[in-house]
Number of protein chains: 2
Amino acid sequence: MDTARQPDLTRQDILDAAFCEIHRCGFQAASIANILANTGLTKGALYHHFPTKQALGLAVIDEVIRGRLEGLIFKPLRESERPVEMLLEIIATIDRKVPSDFVMLGCPLNNLMQEMSPLDEAFKERLGGVLGVWQKTVEGALKRGQKQGEIRAEVDYKAAALFVVSAWEGCIGVAKSMQSPKAFSICMKQLHGYVQGLMTAKAEKGRHKGG
Amino acid sequence: MDTARQPDLTRQDILDAAFCEIHRCGFQAASIANILANTGLTKGALYHHFPTKQALGLAVIDEVIRGRLEGLIFKPLRESERPVEMLLEIIATIDRKVPSDFVMLGCPLNNLMQEMSPLDEAFKERLGGVLGVWQKTVEGALKRGQKQGEIRAEVDYKAAALFVVSAWEGCIGVAKSMQSPKAFSICMKQLHGYVQGLMTAKAEKGRHKGG
DNA sequence: ACACATCCATACCGGTTGGTATGTAATGCG
DNA sequence: CGCATTACATACCAACCGGTATGGATGTGT
């Protein structure tokens, strides 16, 4: 039946619409009424599945944002046997793998971090958790690369990972504020160069043959 | 007289309080009532000096934020005869020259860009203007450094400048979301390394003697 | 001293906000 | 089948929002 009750599907619809609205307007400016208008549902549905607006926001982080980053970045990076190559490839191709409105509207994770981390402890924890996974994943990639002799031994891979993630978010942020996908590409290319600069001469040379 | 009327001082009080409130809550969540409560003034004063909340926000950008960046970064960078040294020094010491709440609350410019650029054309223009000055200033420093033989000839100084500014904002942003001044220092040190990587071997070597 | 513009305070307004109380229809279970 | 629980819709609320209309106090030019 078409109009049958499907609570978890309803819940997902709300989550998706909330993600979209938050992505466009930020969390605080996100309107419950707008979210519901985009789903065709009403407040009864929303407040049945989520006790407060904050809980809805946290669920968006855990179930939507984290999931997307997981599939797009974390998982490939963890599972690759040549993590440095994979990191470079992701950085080089991310501008084509992501819908263009993700440059115009910014990284959903970064947007929320900037807005909510100083204001709400719960948000800060969840967002910091996702960011921490990102950082640890890059860290692991660099560490493994160091063991494989692709990353120079003297590189502080923890600091480098922190910087990669920071610069990454910075590139999206500036490109967003310029409303320019082109600036994003240029910027990420420089980040690509930074990571290459961490590599041993041998590994860097061999890369071009392999690629 | 103490309670005498001083319109431009009143205006400045409003601007300062607005800057502070916006820095804490963002522009949209910034409450006119809060701003006024912190000044002891009322709406009559505010709407006498500024026609709308948007105009107040734009004035904060032009008169407060731009001024601070000008004094802290732009001016030293423009006026130095050894711009690359100066850029490195600013990057290395910025974490000590700025009050700690600027890490906890983020860069006021970046905060507003992330929040408002996709939403409001006027904001996007003003913010983009300030960001453009920043970018051009770094660009000029790198370009002059190239002429002086400190920056390698093959470096794309425009792209590098864009990346420096992006990574810079990214470092503040991530440090803010972690609520960690320490992370900011670590991150900026990596950016310092990136800029050093743009230098010629000779210039980089001479730097440690000179410093 | 008078007229007038500037400067600011007070009171008020319609609209929107997140949240709730109530009602009702569908579903799962014994 | 009967009943309790789940899953929503509807109507409503106080609080707050940015903005305005009005009025009075303070200079300022003449």
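Remember, predicted model here, so these are calculated numbers, not experimental data. Excluded from the calculations below are hydrogen atoms, water molecules and symmetry mates; all remaining heavy atoms, backbone and side chain alike, are included. In what follows, every chain begins at residue 1, and chains take the letters A, B, ... in the order their sequences are listed.
Computed from coordinates, the B:Leu9 CG to C:dC7 P distance equals 13 Å when rounded to whole Å. If you measure from atom CD of A:Gln12 to atom C1' of D:dA7, you get 17 Å, rounded to the nearest angstrom. One atom, CG of A:Leu46, and another, C1' of D:dT10, lie 15 Å apart when rounded to the nearest Å. Distance CZ (A:Arg11) to C1' (D:dT6): 15 Å, rounded to an integer number of Å. Between the P atom of D:dG18 and the CD atom of B:Gln54 lies a distance of 13 Å, rounded to the nearest Å. Between B:Ile32 atom CD1 and C:dA11 atom P there is a gap of 20 Å when expressed in whole angstrom units.
With salt bridges taken as basic N to acidic carboxylate O contacts below 4.0 Å, none links A:Arg152 and A:Glu204.
Distance from the side chain of A:Ser31 is smallest to C:dT17 among C:dG19, C:dA11, C:dT17. In this structure, the nucleotide among C:dT10, D:dA9, D:dG18 sitting nearest to the side chain of B:Thr42 is C:dT10. Minimum atom distance to the side chain of A:Ala33 is reached by C:dT17, of the listed C:dA9, C:dT10, C:dT17. In this structure, the nucleotide among D:dA9, C:dC7, C:dG18 sitting nearest to the side chain of A:Ala45 is D:dA9.
Heavy-atom minimum distance, A:Met188 versus A:Ile91: O-CG2, 3.5 Å. Closest non-hydrogen pair, A:Ile186 versus B:Ala159, comes out as CG2-CB, 3.6 Å.
In this model, the phosphate group of D:dC8 is not approached by any side-chain N or O of A:His48 to a distance below 4.0 Å at OP1 or OP2. The phosphate of C:dC8 (OP1 or OP2) has a side-chain N or O of B:His49 nearer than 4.0 angstrom. A sub-4.0 Å separation between OP1 or OP2 of C:dC7 and a side-chain N or O of B:Thr10 is absent.
At the heavy-atom level, A:Ala30 lies under 4.0 Å from the strands shown only through sugar-phosphate atoms. Among the atoms of the strands shown, only primed sugar atoms or phosphate atoms (P, OP1, OP2) are found under 4.0 Å from some heavy atom of A:Leu41.
Evaluation of atom-type donor-acceptor distances gives no pair under 3.5 Å for the side chain of B:Lys53 against the base of D:dG19.
The side chain to side chain contact (heavy atoms under 4.5 Å, CB included) test with A:Ile61 is passed by exactly one of A:Arg126, A:Met113, A:Glu125: A:Arg126.
Residue-to-nucleotide proximity on DNA chain C shows that, of B:Lys43 and B:Pro7, the 5′-proximal contact is made by B:Pro7. Between A:Pro51 and A:Asn34, the residue anchored nearer the 5' end of DNA chain C, judged by the nucleotide with its closest heavy atom, is A:Asn34.
Geometric assessment of A:Lys53 against the ring of A:Phe27 yields a positive cation-pi assignment under the 6.0 Å and 45° thresholds.
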